[in-house]
Engineer: 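I'd like to ask you about the structure that follows.
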Amino acid sequence: QLQLVESGGGLVQYGGSLRLSCLASGSFFNNYIIGWFRQAPGKVREGVSCISGSGITTNYTDFVKGRFTVSRDNARNTVYLQMNSLKPEDSGVYYCAAVQGFAQAVLTGDALLPTHMTMWGKGTLVTVSS
């Protein structure tokens with residue numbers, strides 16, 4: 001089991017950047033796929049990006065491709081989400097989540113589905129002003 005804590009959210013202007021961090025406590029961090037999800041007010045939670053345990057395999061939802069980059073530092077038990085060229089529609093609470101598994105789930109996009117993940121952080125708020 002992992003406990004996940006997100007940080008790095010805040011208020012940023014249109015076109016700006018933020019880097020979110022997801023710090024995990026627990027063992028065998030590199031056995032876990034980590035996903036980033038977001039939820040805007042009144043909307044369902046949606047997948048943003050995911051990364052395999054090794055960090056080699058990544059996937060992104062279409063609306064962030066080319067703008068967001070996910071990475072991980074297994075020595076620090078941390079996953080990052082670098083967000084560039086932010087838009088107001090990127091606003092919401094960003095969550096990281098984890099599931100034990102192989103890279104296949106990242107490749108297929110299964111790890112972009114909230115129902116696929118088994119452990120969740122409490123989220124960090126991102127607000128992009130126009």
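Note that the structure is predicted; figures quoted are calculated from it, not measured. We're numbering straight along the sequence, starting at 1.
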Engineer: Looking at N84, is its backbone amide N or carbonyl O close enough to the side chain of S17 to form a donor-acceptor pair, meaning the two atoms are under 3.5 Å apart?
Structural biologist: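 Flag not set: sc S17 to bb N84 has no pair under 3.5 Å.
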Engineer: Please determine, by modelled atom types, if N74 and R76 share a side-chain donor-acceptor pair under 3.5 angstrom.
Structural biologist: no
Engineer: Does anything in residues 57-70 pair up under side-chain hydrogen bond (donor to acceptor under 3.5 Å, both in side chains), and if so which pairs, sequence neighbours excluded?
Structural biologist: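 Residue pairs with at least one partner in residues 57-70: D62-K65, R67-D90.
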Engineer: When you compare the side chains of T78 and D73, does any donor N or O come within less than 3.5 Å of an acceptor on the partner?
Structural biologist: no
Engineer: Counting distance only, does the side-chain N/O of R19 pair as donor-acceptor with the main-chain N or O of G9 below 3.5 Å?
Structural biologist: no
Engineer: Using a cut-off of 6.0 Å, state whether more than 12 heavy atoms not belonging to F63 lie near its atom CZ.
Structural biologist: yes
Engineer: Ignoring hydrogens and geometry, is there a side-chain-to-backbone donor-acceptor pair from N77 to L23 under 3.5 Å?
Structural biologist: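 Here the side-chain-to-backbone pair does not exist.
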Engineer: Is the count of non-hydrogen atoms from other residues, nucleotides or ligands lying under 6.0 Å from Q1 atom CD greater than 12?
Structural biologist: no
Engineer: Going by the rule side chain to side chain donor-acceptor pair (under 3.5 Å), which residues pair with Q104 if we only count those two or more places apart in sequence or in a different chain?
Structural biologist: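 For Q104 there are no side chain to side chain donor-acceptor pair (under 3.5 Å) partners, ignoring immediate neighbours.
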Engineer: With side chains defined as the heavy atoms from C-beta onward, is the minimum distance between R72 and F29 less than 4.5 Å?
Structural biologist: yes
Engineer: Which atom names give the shortest non-hydrogen contact between W36 and C22, and what distance separates them?
Structural biologist: CZ2-CB, 3.6 Å
Engineer: Is E6 reaching over with its side chain to a backbone N or O of C96, donor-acceptor style, under 3.5 angstrom?
Structural biologist: yes
Engineer: Nearest heavy-atom pair of L4 and A98: which atoms, and what distance?
Structural biologist: CD1-N, 3.8 Å
